[in-house]
Amino acid sequence: MRGWWREIAGLVLPVACGGCGRPRTELCAACAHALAGAPPRRVRPSPEPAGLPVVHAAAPYADAVRELLLAHKERGALALAGPLGGALAGAVAAAAPTGTAGSADGPLLLVPVPSSRRSVRARGHDPTRRIALAAAARLRRSGRPARVVPVLRQRRYVADQAGLGARGRLANLSGALEVVPGGTRLLTAGRVVLVDDLMTTGASLAEATRALGAVHLPFIPGIPHGLPTGSAQRGIEQRVAAVIASSPASFEINRNSSETSIVAGGER
């Protein structure tokens, strides 16, 4: 109900850019460029948690991008789901480009990292799922079949992550997620891409990856029929993820790694 009131209020109250506060627009051109004006890039947190998939992000989590995510998530600027979803769609396309393994086996399956029920109640909406739906719609308009498959849920209490470091977040989330009953079969219909609005330490994406990898299926597209049923390769092998934003340092680590590889290859 709270989400509906926020949407109605947005129709009658003066609007301002969620990124910089400029009046009479929900998203100004400068903040839109900060959000999605550059190609998505692969990002790596430091330290990088074990089991983290390959992650692509649309923008660094700073300044206008930070404010836009907070405006949507915490301040009920629900109209920002469209442009935020567009940025996420770009990161998804970078994480699972056409022509890669599994790309022809069905649509892109966007699996959101789940929020806790209490946070959804407090906010009046599920921001990650809302953005994922907008991203899937953008991908479909661009010609890539995509849909949201919300098959992950929290299986136990998870403390508030605010104030926790990398180790604390890993411990807090370890074993916290699971695939919902009946959800495993949905994951065989296409290419799975984990999605979230933000990556900080990578703990949430690593735990979501573990939960997806814990399920076992009789057949997964692209995996040989001859593998034994109990083989670890029979699980959902989640390799890629996409987020709207990641810490600026995670972008720098990626850039420095690329430069190191170029120098090692003899280029200057």
Side-chain angles (χ1 to χ4, degrees), residues 35 38-62 65-66 69-70 73 84 87-96 109-116 119 126-129 131-132 135 150-179 187 191-215 235-258 260-261:
L35 178 63
R41 291 172 56 185
R42 183 176 178 182
V43 289
R44 295 184 178 94
S46 181
E48 184 173 343
L52 184 72
V54 174
V55 185
H56 282 76
Y61 185 61
V65 173
R66 179 179 183 274
L69 284 170
L70 290 175
K73 179 183 287 186
L84 291 171
L88 181 59
V92 169
L109 306 178
L110 310 190
V111 178
V113 174
S115 302
S116 67
S119 66
D126 186 334
T128 304
R129 187 168 179 177
I131 292 170
V151 296
L152 290 175
R153 70 179 181 187
Q154 291 188 354
R155 61 184 297 186
R156 63 165 175 79
Y157 173 80
V158 174
D160 189 346
Q161 297 274 80
L164 296 178
R167 288 186 178 181
R169 291 189 177 211
L170 282 171
N172 185 41
L173 289 170
S174 179
L177 300 181
E178 66 180 359
V179 175
L187 297 171
R191 177 81 184 275
V192 176
V193 182
L194 273 170
V195 296
D196 207 350
D197 60 347
L198 172 66
M199 182 180 73
T200 50
T201 66
S204 296
L205 289 173
E207 170 56 21
T209 299
R210 182 210 60 78
L212 289 178
V215 300
I236 296 294
E237 293 189 350
Q238 175 55 45
R239 302 293 186 187
V240 298
V243 297
I244 296 170
S246 185
S247 68
S250 69
F251 281 80
E252 289 301 311
I253 289 172
N254 181 56
R255 181 177 63 82
N256 293 339
S257 298
S258 299
T260 300
S261 299

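On a predicted model such as this, the values are computed, not experimentally measured, just so you know. The figures here come from the full heavy-atom set of this structure, side chains too, leaving out hydrogens, waters and symmetry mates.
- Within 6.0 Å of atom CZ in R153, more than 12 heavy atoms from other residues, nucleotides or ligands are found, so the atom counts as buried in its surroundings.
- Minimum interatomic distance between A95 and V240 (heavy atoms only, all atoms of both residues): O-CG1, 3.5 Å.
- Residues P40 and A94 come closest through the heavy atom pair CB-CB, 4.0 Å.
- Going from atom CD1 of I131 over to atom CD1 of I244 covers 4.0 Å, rounded to the nearest 0.5 Å.
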Derivation and outcome, side-chain contact (heavy atoms from CB on, under 4.5 Å), residues V113 and E207: CA-CA 9 Å; V113 174; E207 170 56 21; over 6 Å; no
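- In this structure, OG on S246 lies 12.0 Å from CZ on R42, to the nearest 0.5 angstrom.
- Here the closest non-hydrogen pair linking A241 and P53 is CB-CG, 3.9 Å.
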CA sep, side-chain torsions, deciding dist, call: V55, L194, side-chain contact (heavy atoms from CB on, under 4.5 Å): CA-CA 9 Å; V55 185; L194 273 170; over 6 Å; no
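- For the pair V243 and L205, the minimum side-chain heavy-atom distance is below 4.5 Å.
- Residues meeting the side-chain hydrogen bond (donor to acceptor under 3.5 Å, both in side chains) test with D197, sequence neighbours left out: K73.
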Test log, rule side-chain contact (heavy atoms from CB on, under 4.5 Å), inputs L152 and V179: CA-CA 5 Å; L152 290 175; V179 175; 4.0 Å; yes
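- The minimum heavy-atom distance between L88 and A242, with the atom names listed, is CD1-O, 3.6 Å.
- Between M199 atom CE and H56 atom NE2 the span is 11.0 Å, to the nearest 0.5 Å.
- Formation of a donor-acceptor pair under 3.5 Å by the R210 side chain with backbone atoms of L177 is found in this model.
- Nearest approach of L35 to A59, heavy atoms of both residues: O-CB, 3.6 Å.
- Looking at heavy atoms from C-beta onward, L52 lies in side-chain contact with P45 at the 4.5 angstrom threshold.
- For P248 against A62, the heavy-atom pair with the smallest separation is CG-CB, 4.2 Å.
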